[in-house]
Amino acid sequence: MSNKELASLFSTIALYLEIEDVPFKPQAYERAAGVLETLQERVEDIYEREGVKGLDKISGVGKGMAEKIEEYIKTGAIGEYEKLRKKIPIDIKELTRIEGVGPKMVRDLYKHLKIKTIADLEKAAKAGKVRKLPNFGERTEQNILQGIEFVKRSKGRWLLGTIFPYVEVLLGKLEGSPFVTRAIAAGSIRRMKETVGDVDILITSEKPEKAIGYFLSVVSYEKIWGKGATKVSVRTREGFDIDMRVLPEEVFGAGLQYFTGSKEHNVRLRTYAASKGYKLSEYGLFRGKRRIVLQQSQDNSERSRRIACATEEDVYRALGMNYIEPELREDHGEIDAALRQAQGKLPGLPKVIPYGSLKGDLQVQTDWTDGKDSIEAMAREAKKQGLEYIAITDHTRDLAMTGGMDEKKLLSQMREIDKINEKFKAQGEKFRVLKGAEVNIRKDGTLDITDEVLAKLDVVGISVHSNFKMPKKDMTARIVKAMGNPHADILFHPTGRLIAKREAYQVDMDEIIATAKKTGTILEINAFPERLDLADSNIKRAVEAGCKMAIDSDAHSISHLGYLRYGVAQARRGWAEQQDIINSYPLKEMLSLLK
DNA sequence: GCCGTTTTCGGCCCGACTGTTTTCAGTCG
């Protein structure tokens, strides 16, 4: 049981209530779900310590919901939810994932066509039945089909930001077991891909069977797909699959290399090995081409031919190349670069930005708009995480739904930031809060805050939040114009994509990169797990063009500040070095890189 | 259902866009 599961139940209840046209309650449930989603402490712990009263104290949770949480802790279910689910047997979470489909549409689709699932909807839309419904039309039907395609394409993959914390905890537990010597996540998690299909965990152990037993005792699984002497595969209660393999210590490097992938990287590496008279497998690098017939052949001739496999470094070195960081293993030219580097030729592999090298965060929202925490709380948490500065970048006027700030509110926030900085100074704390904003780029490329006020800010972020469906040429011109503003420092989430939810808007990235270079505008690598925008391929292009970038968390609560590491991972995947990322510089140097 | 230097009752973020409509509901941010 987790806060997240509870949050998901509450937000589903919100959707059901919206279908029922219940006023105001949906927002209350939605709000509580949002709070639970980012709550640091487990509700069970709060309940254990302070009972229902403690739950009631959580903001957004009142008496009613506190009792539902209690019910959930005690019985594992919420009666209200079960009742609604029975009454309205629709896969509503799934259906509303389709862009443009909300609760009211789901209600009508069910009422008229008995549509319960995405599969039902696709069938009906393809048969042209949807367009005939009242208030639906051909255009809506097309949009629905497009939305379904997008959802289907991203199905079965999970955001790195969802999986990663789970895996970290699991690895910690495994390493705590007396039966496990080492535990590490391989696969797309180790490569820090933005989405993850399933989780691959490798361990070494003296007692594989016991280690597997231990794994099953600490992971909450729904189903065991298979279980053998050295491998076990489960579907977790959260709904994703974990494969765990036990490797002998002496081939751990080769195994890790193999299971880290990517497939494309490995194919290329094996082909290269073969061309040099080697054979590479998960059991090591071997001289000669004779195939191993048995999977885990331990005969002496095999062993004597085995030349590298204890560490990954051994494997790459034996093949005559430098070590390749997992984030680079996508067959995007890294093998040739590693070979060149080992021979002292250029260009070699990039010296990718190390984790933990950021000194600041240049996009942070607070409770002045749609963030959940105060300026000071965000600053203190950032400091705790080892940062030296953050920029407060709340939304501006046009984003009315977030309580977007006009010039007056912005000026008043600037005075508040002055006060907080003075307070830090008085307390002898070395930390700086920068004045900033996430300024909206209007349809015509102008900004929604006057230049006079922008000039007073330390950091001006600009971004697109509306009119996503403009033609590519117009969208590019719109952004290029905004980048030309003499105060516009950073282009936030440059392509607007939401992974598994919304495509990037149409924009000519080459022109944006060229404009960034020309105008000295910084491009953002937004680290929020569902954005990760720029994508790795665009980062690589920006690096090649000599553009500077900033890695920002886009935090809306203190718990989001940790997202920065996903941004660093994204930068590494895009071959970026520390010098390319302005917020890896100390404050003064960073500021000197802004307009 | 939640919350309160706005009131323990009576409010709840709100403007733009889209597609369906002849005046608006639904969705998104």
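Just so it is clear: chains get the letters A, B, ... in the order the sequence lines come, proteins before strands, and each one is counted from 1.
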**Prompt:** Is the shortest side-chain N to carboxylate O distance from A/K86 to A/E82 below 4.0 Å?
**Reply:** no

**Prompt:** In chain order, what residues pass the ring-ring contact (aromatic ring centres under 6.0 Å, His included) check against A/W158, with sequence neighbours excluded?
**Reply:** A/F240

**Request:** Quick one: label A/K63 by what it contacts on the DNA or RNA (base, sugar-phosphate, nothing), any heavy atom closer than 4.0 Å.
**Result:** sugar-phosphate

**Complete:** For A/F528, the ring-ring contact (aromatic ring centres under 6.0 Å, His included) test, sequence neighbours excluded, returns A/H560, A/Y563

**Message:** Under a 3.5 Å cutoff, is there a donor and acceptor pairing between the side chains of A/T366 and A/K372?
**Reply:** no

For nucleotides 20-26 of chain B, tabulate all protein N/O to nucleotide N/O atom pairs closer than 3.5 Å, reporting atom names and distance.
{"unit_1": "B/dT20", "atom_1": "OP1", "unit_2": "A/G137", "atom_2": "N", "d": "2.7"}
{"unit_1": "B/dT20", "atom_1": "OP1", "unit_2": "A/G137", "atom_2": "O", "d": "3.3"}
{"unit_1": "B/dT20", "atom_1": "OP1", "unit_2": "A/T140", "atom_2": "N", "d": "3.2"}
{"unit_1": "B/dT20", "atom_1": "OP1", "unit_2": "A/T140", "atom_2": "OG1", "d": "2.8"}
{"unit_1": "B/dG26", "atom_1": "OP1", "unit_2": "A/R107", "atom_2": "NH2", "d": "3.2"}

**Asked** Does the pair A/R497 and A/E530 meet the rule for a salt bridge (charged side-chain N to carboxylate O under 4.0 Å, His left out), with working shown?
**Response** CA-CA 8 Å; A/R497 72 159 177 180; A/E530 70 169 3; over 6 Å; no

**Prompt:** Quantified in whole Å, what is the P atom distance between nucleotide B/dC12 and nucleotide B/dT7?
**Reply:** 14 Å

**Asked** Quick check: are there more than 12 heavy atoms from other residues, nucleotides or ligands sitting under 6.0 Å from NZ of A/K83?
**Response** no

**DNA chain B: 5'-proximal contact among A/N467 and A/E18 (nearest heavy atom)** = A/N467

**Request:** With a 3.5 angstrom cut-off on both distances, give the Watson-Crick or G-U wobble partner of B/dT8, or none if there isn't one.
**Result:** none

**Message:** Students often get this wrong, so: under 4.0 angstrom with heavy atoms, is A/F10 touching a base, only sugar-phosphate, or nothing?
**Reply:** nothing

**Item:** Gap in Å between the two C1' atoms, one belonging to B/dT6 and one to B/dG11, rounded
**Value:** 9 Å

**Asked** Does A/K443 or A/M65 map to a spot on DNA chain B nearer the 5' end, using the closest nucleotide for each?
**Response** A/M65

**Salt-bridge present (A/K384, A/E381; N to O < 4.0 Å)** = yes

Distances under 3.5 Å only, N/O to N/O: pair up the protein atoms with those of nucleotides 9-12 of chain B.
none

**Item:** With sequence neighbours excluded, residues passing salt bridge (Lys or Arg N to Asp or Glu O under 4.0 Å) with A/D21
**Value:** A/K104, A/R107

**Request:** Please check the phosphate of B/dT18 (OP1 and OP2 only) for any side-chain N or O of A/N143 closer than 4.0 Å.
**Result:** no

**Request:** Decide whether a cation-pi geometry holds between A/K114 and A/Y110; the criteria are a distance under 6.0 Å from NZ or CZ to the six-membered ring centre and an angle within 45° of the ring axis.
**Result:** yes

**Asked** Salt bridge between A/K423 and A/E376, side-chain N to carboxylate O under 4.0 Å?
**Response** yes

**Message:** Work out how far the C1' atom of B/dC13 is from that of B/dT8, and round it to whole angstrom.
**Reply:** 23 Å

**Message:** Say we look at B/dT22 and B/dA16: how far apart would their P atoms be, to the nearest angstrom?
**Reply:** 23 Å

Pairs under 3.5 Å (N/O, protein and nucleotides 4-6 of chain B):
none

**Request:** Pick the P atom in B/dG1 and in B/dT5, then give their distance to the nearest Å.
**Result:** 23 Å

**Prompt:** Do you know which of A/I581, A/I490, A/L362 makes side chain to side chain contact (heavy atoms under 4.5 Å, CB included) with A/I522?
**Reply:** A/I490

